[in-house]
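The next block holds one structure in the form of structure tokens; read it before the comments.
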Amino acid sequence: MGGNINSATFNKKLLYTQTSGNSYVWTGNIYNDTVDYQYTSAVSNGSISFLNSVANGQFYISATNRYGFAFGSSSISTNKFTLGANKRVIIGTSGLASGTYLYFNNIALGDTAAFTLNTSGPIGLGSASFSNSFTNVFTLTSTNPTITNTTFNKKLTVTKTAGGDVNWTGNTFNDTLDYRFTFSGGATVGFLNSTANANVYLSNTGTGYLAFGSSTTSTNKFTLAANKRIFVGPAGWTSTGTLALQNIQFNDSANFAISLSNTAAIILGNYTFNTTYNLPISITNGQISLTKGIFNKKVILTKTATAASLSYGGNTFNDTLDIRLQTGDFTTSNSLPDAYNGHIYFSNSSTGTLNIGRWLGVSSSQAISKKIYIGSAGFATGNLTFNGFTQLDTTLQSLTITGTGSLVINYSTWHSKLTIDAHLVSITQSVFNRKTAVTANSIYNISTSTFNKPFKLIKNSTTNNDWSAGNTFNDTTEFIIHGGTILFNRWGSSTHNGDLYVSNTGTGTLALGSGTYSVTFENNKRIFIGSEGFSTGGYL
């Protein structure tokens, strides 16, 4: 059978079996005993809406084919479906076919007891047209749970078991939110325009993308109350999934620390607008990306995965930035320039590369009176590269990379006095406006760069090096070679507008030109033997 039932009172048990696939609406009814609604049609696209009704008995639903059940109106706030004390909507003995939709658009619970529902289809709770409020503990398990404009005054535990993108919007969580993503495939879940007045716990054993706040509308935030945090939930975060804190507002100054897994990604900010973070942040994770964030307190980033990680940039750091590379490569300001208004600390305990900027034309800068330091974990075997970086301070900067580590400077401008000590050094298309001193075992390259103040180079190992050159030295220059051969102008000419002092204490050759490209000394400037002189086996 199939049809509408309206304005009826059932004082005894109602067993209703629907054998057709049409959609029906039951409205204005009172059920004073158990209702057992069973859908047995072979048609999979029917639906039934229960509106403006009261159930004083348990309400059982079952469907042997995919179907849809809606409780309460999604457009009229007074058109509720009301359950009596200790009464619930329960899946019947025949169960619900996979994919059956359940919509609790506007439902009132007559008590504060827990509400638990586990289904293999989507669940929708709440409506875009009005708000709901519950004082019950809710536990929902569904292929695709969606919650809209609802206030939860007790703990909410939700488990998503399948794919399908979905947004939760307009909700308030006055007790713990425990969200669990268990599907092995991907899906985007957005928590938008909502407030958490309690802690949020996230578990992800699938590959889901969990996003807090809108990336397109700046006012569509996810807000955390004072002293409330996002934590990894009891099921853990063991996946390659992503946590995007793309438009989130923290409301206290305590440190925010989070760590997911080596295979997961954490994103702060988004491309569309700036997101402000007014508290210290500590992230330890496999993948880390920061975009258009304004960080007003100290930021510590520890990268733990071997896969390369890109931080897209457009960020402003108004306090200390501390980057700690444990493995793999990490690149900042990959697409947009960053502004560093605090000190920067770099550590690298791996053989990976820490790139400060990536492309020519993306120029990040560090403010006056702020410096770069090697961090507490040291910088021993990996690489530190500056691309398109402007350092504005004029006081002394010292960068010491021990072991086999290297320092590379490309397309950058340094206003500070600079002392570099590394295993390998390479400099390309950069400008140095204060005294600069470089000590290295291998001078991989110094080319097309301008040194406006005295420049001193000390080469320590027997490694042979060629420079493509094309440099301009506008003040005194000193080359000290302790080993190996170095050819200064392999593929380009250089100009010295100051005197050049050369020393060679090894048995190699210090060659200023290649035979094709020249070295020019302007304004009566000359070459002198330097303070360490020439050994009997050295050549000039």
Side-chain angles (χ1 to χ4, degrees), residues 386 396-401 405-410 412 414 416-540:
F386 293 91
L396 178 63
Q397 297 269 305
S398 296
L399 296 176
T400 299
I401 297 177
S406 66
L407 177 65
V408 178
I409 299 175
N410 299 322
S412 298
W414 293 77
S416 65
K417 298 177 183 177
L418 182 61
T419 299
I420 297 171
D421 192 339
H423 172 72
L424 182 149
V425 172
S426 178
I427 298 173
T428 303
Q429 286 189 233
S430 297
V431 177
F432 299 85
N433 289 319
R434 294 292 185 279
K435 184 177 181 179
T436 302
V438 173
T439 300
N441 290 328
S442 177
I443 311 299
Y444 180 78
N445 191 28
I446 296 181
S447 69
T448 56
S449 295
T450 300
F451 299 86
N452 288 316
K453 294 296 181 179
F455 175 64
K456 182 177 182 179
L457 171 69
I458 300 175
K459 179 182 180 299
N460 284 325
S461 79
T462 58
T463 302
N464 297 329
N465 296 128
D466 290 351
W467 291 7
S468 57
N471 301 297
T472 300
F473 302 95
N474 287 320
D475 208 319
T476 301
T477 307
E478 184 175 8
F479 297 149
I480 301 174
I481 310 302
H482 289 154
T485 291
I486 187 163
L487 177 58
F488 284 92
N489 295 277
R490 178 67 168 171
W491 296 289
S493 300
S494 293
T495 300
H496 287 263
N497 293 314
D499 293 330
L500 170 63
Y501 292 82
V502 293
S503 299
N504 187 349
T505 63
T507 58
T509 299
L510 192 161
L512 295 181
S514 65
T516 301
Y517 297 98
S518 63
V519 179
T520 302
F521 287 83
E522 300 287 351
N523 301 320
N524 300 315
K525 303 304 179 183
R526 298 182 181 183
I527 301 175
F528 297 93
I529 300 302
S531 58
E532 297 192 23
F534 261 72
S535 66
T536 56
Y539 295 88
L540 175 61

Worksheet item: So do Ile480 and Lys456 actually touch side chain to side chain, heavy atoms under 4.5 Å?
Response: yes
Worksheet entry | With sequence neighbours excluded, residues passing side chain to side chain donor-acceptor pair (under 3.5 Å) with Ser442 | Asn465
Fill in: Distance, nearest 0.5 Å, that separates CD1 of Ile427 from CD1 of Ile420
5.0 Å
Practice prompt. Look at atom OH of Tyr444 and say whether more than 12 heavy atoms of other residues, nucleotides or ligands are closer to it than 6.0 Å.
Written response: no
Discussion item. If I compare all heavy atoms of Gly470 with all of Ser494, which pair ends up nearest, and what's the gap?
Written reply: N-OG, 3.4 Å
Practice prompt. List for me each residue that meets side chain to side chain contact (heavy atoms under 4.5 Å, CB included) alongside Thr428, sequence neighbours excluded, and say none if there are none.
Written response: Asn410, Ser426, Asn445, Ser447, Thr448
Worksheet item: Going from CG on Asn474 to CZ on Phe451, what distance comes out if it is rounded to the nearest 0.5 angstrom?
Response: 10.5 Å
Worksheet item: Which pair of non-hydrogen atoms, one from Lys435 and one from Lys453, has the smallest distance, and what is that distance?
Response: N-CB, 3.5 Å
Worksheet item: Any donor-acceptor pair under 3.5 Å linking the side chain of Ser461 with the backbone of Asn441?
Response: yes
Practice prompt. Applying side-chain contact (heavy atoms from CB on, under 4.5 Å) between Phe432 and each of Ile409, Asn452, Thr450, report the one that passes.
Written response: Ile409
Item to complete: Please report the shortest heavy-atom distance between Lys459 and Gly483, naming the atom on each side.
Response: NZ-O, 2.7 Å
For residues 523-534, which side-chain N or O atoms pair as donor and acceptor with protein atoms under 3.5 Å away, sequence neighbours left out?
unit_1, atom_1, unit_2, atom_2, d
Glu532, OE1, His482, NE2, 2.7

Fill in: Thr439: partners by side chain to side chain contact (heavy atoms under 4.5 Å, CB included), with sequence neighbours left out
Asp421, Ile458, Asn460
Worksheet item: If you measure from CG on Asn504 to CG on Leu510, what distance do you get to the nearest 0.5 Å?
Response: 6.0 Å
Practice prompt. Enter the distance from Leu399:CG to Phe386:CZ here, rounded to the nearest 0.5 Å.
Written response: 5.5 Å
Worksheet entry | Nearest-0.5 Å distance that lies between atom CG in Leu418 and atom CG in Leu407 | 8.0 Å
Discussion item. Tell me whether the rings of Phe473 and Phe479 are parallel (<30°), tilted (30 to 60°) or perpendicular (>60°).
Written reply: perpendicular
Item to complete: Decide yes or no for Thr495 and Asn497: does some side-chain heavy atom of the first lie under 4.5 Å from some side-chain heavy atom of the second?
Response: yes
Item to complete: Mind running side-chain contact (heavy atoms from CB on, under 4.5 Å) on His496 and Val519 for me, showing each step along the way?
Response: CA-CA 8 Å; His496 287 263; Val519 179; 3.6 Å; yes
Worksheet item: Thr436 side chain to Arg434 main-chain N or O, any donor-acceptor pair under 3.5 Å?
Response: yes
Worksheet item: For Gln429, what residues pass the side chain to side chain donor-acceptor pair (under 3.5 Å) criterion, not counting sequence neighbours?
Response: none
Fill in: Main-chain N/O of Thr476 paired to Asp499 side chain as donor or acceptor, under 3.5 Å
no
Item to complete: Give the minimum heavy-atom separation between Asn464 and Thr485, together with the two atoms involved.
Response: OD1-N, 2.7 Å
Item to complete: Using the test side chain to side chain donor-acceptor pair (under 3.5 Å), find all partners of Thr472 that sit at least two apart in sequence or belong to another chain.
Response: none
